[in-house]
Visitor: 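Dropping a structure here in structure tokens format, bear with me for questions.
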2 protein chains.
Amino acid sequence: MIRDVDWSLYRSFLAVMEAGSLSAAGRRLRISQPTMGRHIRTLEAALGQSLFLRTPDGLSPTDAALALMPHAEALADAAGALTRAASGGRDAMEGNIRIAASEVTAAEILPPIVRGMMDRWPGLVIELAVSNSDEDVMRRAADIAVRMAPPRQDALVAARIGGFELGLYAHPAYLRGRPPVERAEDLRGHRLIGFDRPFAYTDLFRVAGKRIARDDFALRSDSDMAQLAAIRAGCGIGVCHAPLSGGLVRLLPADFAPEVEMWLLMHPDLRSLSRFDHVFAYLADALARHIAGPGGAAS
Amino acid sequence: MIRDVDWSLYRSFLAVMEAGSLSAAGRRLRISQPTMGRHIRTLEAALGQSLFLRTPDGLSPTDAALALMPHAEALADAAGALTRAASGGRDAMEGNIRIAASEVTAAEILPPIVRGMMDRWPGLVIELAVSNSDEDVMRRAADIAVRMAPPRQDALVAARIGGFELGLYAHPAYLRGRPPVERAEDLRGHRLIGFDRPFAYTDLFRVAGKRIARDDFALRSDSDMAQLAAIRAGCGIGVCHAPLSGGLVRLLPADFAPEVEMWLLMHPDLRSLSRFDHVFAYLADALARHIAGPGGAAS
DNA sequence: TATATGCCATTCATATATGAATGATCAGAG
DNA sequence: CTCTGATCATTCATATATGAATGGCATATA
């Protein structure tokens, strides 16, 4: 049936899918547009189905192409993981490492830690990717991930870093001149900051047993970083990691104090490269110390 | 650092790793030995490290190459999945489907079911792979898997087929002329058939609360198929799926009757190709009917 | 000891894939 | 309407990768 498709063709396919045109894809892969066109034509011939409709302003994918897309991405993830694994020496602390974390983690927690890593191992090249699912590690789109929940995938190297509290916080400037928040009912009439789309966290948002729904929020954002920034800017009352709450005022600590676990994940295939183990251990240690710091220490 | 490695080189790398020599790898990929040699040399140059030691009778992998191996396999799995997904039309019931199952399942349960599928959809090409881990589906080494335990991976399409019993069985020819087995203690002195290496099933092997250990087995095999064949050949007493126990005598049904669940798994990326959905549903239905047949019906 | 069969490296003529240049087409801006 | 900036398809000279053939080298086999 289908035989011996050159893997480079898949690469060109993916590039065209992402870039939207032969020319743009060619630029990205540093090959010429005619070559790119030939690759796609060859691939279509090999697979026996047409993958793109040629239009004056690019190639638009057929349904068949869309169906193949996730597989092509998996291929790219695996190729990326291989290149990262091959970068640097066998046991040397050099080469690329891709770390995935949530926005807040990447922006607020990791930078000083990464700084320390880079100082200690100057040969390392760190890539920070923002994402929220363990899938990244399973799919090898990232080597190591920091997550705020236990892994839902078996077969991953996982370390529980520790637990910390979430809390309701507001900036003093917001609270000034507004009715005090002393009981759960006092939240009515206040500006609440929360998620836009339902998330894992959504269920956590219960104050004194009552669930805060989407409509109760005066400011909605799916970016936890934007939420944090909004709280700090005095936009209203929102949820924030206790260890990150410096300068903010905690509200209703008795009514809202859900605990969150921090986990570190790694793909088992990376254990054979010692630098991943070292970075994993370094991160686990540094994150544990971060949690144990101000407001943490719940584990 | 490392830039723009042609994915075909990874393919050659994998072929050499598996074949053990440039010539053999070349034959497998239908390219010449000099070309294969050039590919490896190019890859080594691109990755900046030597991958093989050239010996008179082949290429032996360095540690670096061994470390890259799992990644290369992931790449091959993804490429295979892509080709399989691309084989056949978009919504047509034709093309390749790879089904993973344990030995016993593949040999005893699936054949008539697969026969039915092939009759119904003549365009389908079925590949039966023997394996025991959900990993296969997660890694996309198989499209659909039949498993005897709930999935340990989230993010898989999973259907619980039903439960059935395991039991202790022996062939009448074995039992003839031997002391009868009426209580758990009677097993002493009998020939037991069991696993060689510790497995998930090992823990199940408890008779009247007492665990049967490795040393108690007179015949050990990690192949469940070999065990079944041994029981049927009258080698001794062993564990067998109730639905497969035709012609055998059940022993100590009150003391040993652990329940096992059968699950069907599929990678979510395949849902967009309708033939995988259809085959999934067909398998789920046929397996459920198999279980509900003789000796099953525990769900 | 001679012979056969693996293997890899090298060479060199050839087939193949590539890129620059060109032309055609379309959409949007002035 | 015209011009600009995208796009893709085609052409053709060139660079590149390929395979057949060869030689050298080990290890089995008789």
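Keep in mind that what you see is a predicted model, and the values were worked out from it rather than measured.
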Visitor: Considering only side-chain heavy atoms of A:L22, which listed nucleotide, C:dT10, D:dC8, C:dG19, is closest?
Guide: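 Nearest to the side-chain atoms of A:L22, counting from C-beta on, is D:dC8.
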Visitor: From C-beta outward on B:P34, which listed nucleotide comes closest to its side chain: D:dT18, C:dC7, D:dA21?
Guide: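 The closest nucleotide is D:dA21.
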Visitor: Any N or O donor-acceptor pair linking the side chain of A:R38 to the base of C:dG19 at under 3.5 Å?
Guide: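 Per atom types, the contact qualifies.
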Visitor: Starting at the 5' end of DNA chain D and moving along, which residue's nearest nucleotide shows up first, A:D57 or A:R41?
Guide: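 Closest to the 5' end, via its nearest nucleotide, is A:D57.
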Visitor: Which nucleotide in the set D:dA9, D:dG19, C:dA20 lies at the smallest distance from any side-chain heavy atom of A:R54?
Guide: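 Minimum distance to the A:R54 side chain belongs to D:dA9.
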Visitor: From the list D:dA9, C:dC8, D:dG19, which nucleotide is the closest neighbour of the side chain of A:Q33?
Guide: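 Ranking D:dA9, C:dC8, D:dG19 by closest atom to the A:Q33 side chain puts D:dA9 first.
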Visitor: If you only use heavy atoms from C-beta on, which nucleotide in D:dA21, D:dT18, D:dT7 is closest to the side chain of A:S23?
Guide: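 Closest nucleotide among those given: D:dT7.
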Visitor: Does C:dA20 have OP1 or OP2 sitting under 4.0 Å from an N or O in the side chain of A:S32?
Guide: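 The answer is no; no side-chain N or O of A:S32 sits under 4.0 Å from OP1 or OP2.
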Visitor: Among D:dC8, C:dG19, C:dA9, find the nucleotide with the atom closest to the side chain of A:L59.
Guide: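 The nucleotide sitting nearest to the side chain is D:dC8.
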Visitor: Here's a test for you: under side-chain hydrogen bond (donor to acceptor under 3.5 Å, both in side chains), which of A:E127, A:R84, A:R275 qualifies with A:N96?
Guide: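 Answer to the side-chain hydrogen bond (donor to acceptor under 3.5 Å, both in side chains) test with A:N96 among A:E127, A:R84, A:R275: A:E127.
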Visitor: Could you tell me whether the phosphate oxygens of D:dA17, OP1 or OP2, come under 4.0 Å of any side-chain nitrogen or oxygen in B:H39?
Guide: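 No, outside the criterion.
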Visitor: Under 4.0 Å between a side-chain N/O of B:T35 and OP1 or OP2 of D:dG19, yes or no?
Guide: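 Yes, within the criterion.
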